[in-house]
Participant: 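Quick one: the structure is below, questions incoming.
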Amino acid sequence: MTVKHQMFEYAPAPESRAVVDLAPSYGLFIDGEFTEAADGRVFKSVSPSSEEVLAEVARAGEEDVDRAVRAARKAFTSWSALPGAERGKYLFRIARILQERSRELAVLESLDNGKPIRETRDVDLPLVAAHFFYYAGWADKLAHAGFGPEPRPLGVAGQVIPWNFPLLMLAWKIAPALAAGNTVVLKPAETTPLSALFFADVCRQAGLPHGVVNILTGYGDAGAALVAHEGVDKVAFTGSTEVGKAIARTVAGTGKRVTLELGGKAANIVFDDAPIDQAVEGIVNGIFFNQGHVCCAGSRLLVQESVQEELLDALKRRMSTLRVGDPLDKNTDIGAINSAEQLARITALAEAGEAEGAERWAPACDLPESGYWFAPTLFTGVTQAHRIAREEIFGPVLSVLTFRTPAEAVEKANNTPYGLSAGIWTEKGSRILSMANKLRAGVVWANTFNKFDPTSPFGGYKESGYGREGGRHGLEGYLK
Amino acid sequence: MKATEKSEQQGTRLSVFKTYKLYVGGKFPRSESGRVYEVTDSKSGAWLANAPLSSRKDARDAVVAARKAVAGWSGATAYNRGQVLYRVAEMLEGRREQFAREVAEAEGLSKARAAAVVDAAVDRWVWYAGWTDKITQVVGGANPVAGPFFNLSTPEPAGVVAVLAPQDSSFLGLVSVVAPVIATGNTAVVVASERAPLPALSLGEVLATSDVPGGVVNVLSGRTAEIALPLASHQDVNGIDLTGAAGELAVELETAAAENLKRVRRPSSEDWTADPGIGRLTAWLETKTVWHPIGV
């Protein structure tokens, strides 16, 4: 069938950039001070929607990692000795300042990451503040968390985070670590360093003791040095499974504790009795939220054969109304791909999908001239052997497979080395619970998708990593 | 002096030796390699038996058996698993003398000390039998998310766990590492103490008569380093307990385990007589969180 292009014309409604005061250059945040890298190296952070250089940022090397770890070690003595209630109050302050500055930080994040302002404003920033608020309350209640009567912090946590939710991933890492009495050295991704540096300023405003939080901007070499540093007691990483495995090898035999939150290839399973319109919204949210730069994205749609046609028609209609463009425009649904490198990877995998025989479809969609863009895309006729059904694309690309029976759906859904998330769409309660039991995934969304909350543990089975972030479970990785 | 030798000297009758065999998939095969090695009394050095010298192929076969058993065992009710574990204790209770003798020979303990070790091992099965239907409430629960959603976290078994049993504590240590793995619904491939594998191989005989489904526990004897590496690098093993590995071997195995991100429990100093806590239960549990909207 042909899908009619029926987009309403909206006037642009851009969020103002004036709320963000960007300096031309930023240093590393070590021991409460912004400093240059020891070897003076810098790199540029670019806005992926315009390719404009936003700021120049210090590039950490081994010497800086060592300096930051020593600062964190020094701060650990007094920070861990502080009464839990006092540590908690610092975290509550941080949560409140984040709320106060959330507009500024949302705009900054959209500029540096390329994600729509509607998401940074309505999802990222509220969750960031909520995460700090949640773990603040744990700081003086650790003895009641179920990890023994006298749980102790581990020491210095080395934390490496990705570019897809820069500030939210920072919150997931730093909030539980600090609540448990650890100090941290955090390395944000090289394409999205800015919000972490603004967070350093939030720490300054909150009066957080020097050295408790240290931020090292830089590349993978700095992350590797941090993970390998002998002064680090705990490694927390969110990113690719490949790097996660390398980290697991690095820490083998060292006694360092590790939590890993890695890739995914989630099945989003739609049964024939599902309410089609709701399922379509869930599918769209599952794969196009945050440009598909989501480790738990519902990137494999498993649809029951009998409703395949009806569902795909409705899905294509809905995809035709998605607005791709300026991340700061409040009407935008899909923003920019985070980097040229990621765009190349998505493009290559989509081409592999075509080459392997799957059928590609995307709505007519005007993409901006500058910046990195990829139209929302779906592939039908996908088999389990296709690369687009096996590999994490980390972009707005949906692979559609079909099934006849619930058993076949389970078989196909679990046929992946990953096990991060899954979705189920059906009106039948007993079927939801049966499927939820059988799916090998750490998070199962039934008749919803991509929901997050600080109280809800998040993390994967199998090669999606180990450990959980969020909730009471999230404390375990920071206590002994 | 062994009881068998004594009766032989008294000229009453010639004793019947036991051929110690592996326990895999509910059956008692020899090593496919046809190899055996001598097991000796830890004090006198006297020959006790020939134990199977398992090969890498035996290890892979055991993983296949363990994987096959996952669906049934993890799908059994927690109450049922508890009863089966309790049944193991019941069966062991009736074989205390046999195990006391084997433990005494394996670990060089006095009769009385060996009997105490066996009693503690029986009690450990009882302890874990009681945990099967309680751990879910202790580590899982409802999460108060900020929105109209039902949100529940429950623990689930990781799957197949390779267990390198402690080298020194051939029975109490063995039970202490195996029971928590299966209590939570995982299945196990156990590598017995290299020097003292006989109590572990005899435990297989107990498990086979305790309603433990075949494949839930598989017991291998042989060189730990030889069998452990294929288990640590096996792509269909979900976790590995390195308790029975030391030093360089433990590092090598943890490195190999990174290839498919197995859950790893590193070796540490253990007091097998202490309260076990729940650390060995939670080591092999995944947390699954299910969301559903609330509405009319």
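Naming: A, B, ... by sequence-line order, numbering from 1 per chain.
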Participant: Examine whether an atom of Q235(B) lies under 4.5 Å from a heavy atom of chain A, and if so say whether it belongs to the side chain, the backbone or both; otherwise answer neither.
Facilitator: side chain

Participant: Which answer fits V138(B), side chain, backbone, both or neither, if we ask what part of it has an atom under 4.5 Å from a heavy atom of chain A?
Facilitator: backbone

Participant: What part of P157(B) lies closer than 4.5 angstrom to a heavy atom of chain A: side chain, backbone, both or neither?
Facilitator: backbone

Participant: Would you mind checking which part of A250(B) comes under 4.5 Å of any heavy atom in chain A, side chain (CB onward), backbone (N, CA, C, O), both or neither?
Facilitator: neither

Participant: Can you tell me if K245(A) uses its side chain to pair, donor with acceptor, with the backbone of E259(B) under 3.5 Å?
Facilitator: yes

Participant: Would you say H473(A)'s side chain and G140(B)'s backbone share a donor-acceptor pair under 3.5 angstrom?
Facilitator: no

Participant: I'd like to know if R468(A) pairs up with E286(B) as an ion pair, taking the criterion as any Lys NZ or Arg NE/NH1/NH2 lying under 4.0 Å from an Asp or Glu carboxylate oxygen.
Facilitator: yes

Participant: Assess the side chains of S456(A) and N151(B): does a donor N or O sit below 3.5 Å from an acceptor N or O?
Facilitator: yes

Participant: Counting only heavy atoms from other residues, nucleotides and ligands, does the tally under 6.0 Å from NZ of K412(A) exceed 12?
Facilitator: yes

Participant: Run the side chain to side chain contact (heavy atoms under 4.5 Å, CB included) test on D453(A) and N143(B) for me, step by step, so that the C-alpha distance in whole Å, both residues' side-chain angles and the decisive distance to 0.1 Å come before the verdict.
Facilitator: CA-CA 9 Å; D453(A) 192 275; N143(B) 307 308; over 6 Å; no

Participant: By a 4.5 Å heavy-atom criterion (distance strictly below it), what part of T255(B) contacts chain A: side chain, backbone, both, or neither?
Facilitator: both

Participant: Could you look at A422(A) and say if it's the side chain, the backbone, both or neither that has a heavy atom under 4.5 Å from chain B?
Facilitator: neither

Participant: If I measure from the heavy atoms of chain B, does Y134(A) come under 4.5 Å with its side chain, its backbone, both, or neither?
Facilitator: neither

Participant: Just verifying a value: how many Å separate K462(A) NZ and N238(B) CG, rounded to the nearest 0.5 Å?
Facilitator: 8.0 Å

Participant: Relative to chain A, which of W291(B), F149(B), F150(B) shows the most heavy atom pairs under 4.5 Å?
Facilitator: W291(B)

Participant: When rounded to the nearest 0.5 angstrom, what distance separates OG1 in T287(B) from CD in E476(A)?
Facilitator: 8.0 Å

Participant: Measure distances from P417(A) to the heavy atoms of chain B and classify the residue's part below 4.5 Å as side chain, backbone, both or neither.
Facilitator: neither

Participant: With side chain to side chain contact (heavy atoms under 4.5 Å, CB included) as the criterion, how do V443(A) and K288(B) come out once you've worked through the C-alpha distance, each side chain's angles and the decisive distance to 0.1 Å?
Facilitator: CA-CA 6 Å; V443(A) 184; K288(B) 176 182 280 177; over 6 Å; no

Participant: In terms of heavy-atom pairs under 4.5 Å with chain A, which of A142(B), G75(B), A257(B), A146(B) leads?
Facilitator: A146(B)

Participant: Has the side chain of R472(A) got a donor or acceptor atom that lies under 3.5 Å from a matching backbone atom of G141(B)?
Facilitator: no

Participant: Would you call R440(A) and E156(B) a salt bridge, taking side-chain N to carboxylate O under 4.0 Å as the test?
Facilitator: yes

Participant: Need one label for I424(A): side chain, backbone, both or neither, based on atoms under 4.5 Å from any heavy atom in chain B.
Facilitator: neither

Participant: Just by modelled atom types, is the P293(B) backbone N or O under 3.5 Å from a matching donor or acceptor in the T448(A) side chain?
Facilitator: no

Participant: First locate atom CG of L261(B), then atom OH of Y466(A), and finally report the distance between them rounded to the nearest 0.5 Å.
Facilitator: 5.5 Å

Participant: Heavy-atom distances under 4.5 Å only: say whether L262(A) touches chain B with side chain, backbone, both or neither.
Facilitator: side chain

Participant: Whether the side chain of R249(A) engages the backbone of E254(B) through a donor-acceptor N/O pair (distance < 3.5 Å, no angle test) should be reported.
Facilitator: no

Participant: Given the rule in the side chain to side chain contact (heavy atoms under 4.5 Å, CB included) test, do E463(A) and N260(B) qualify, once you have shown the distances and angles that lead to the verdict?
Facilitator: CA-CA 6 Å; E463(A) 294 190 17; N260(B) 69 336; 3.4 Å; yes

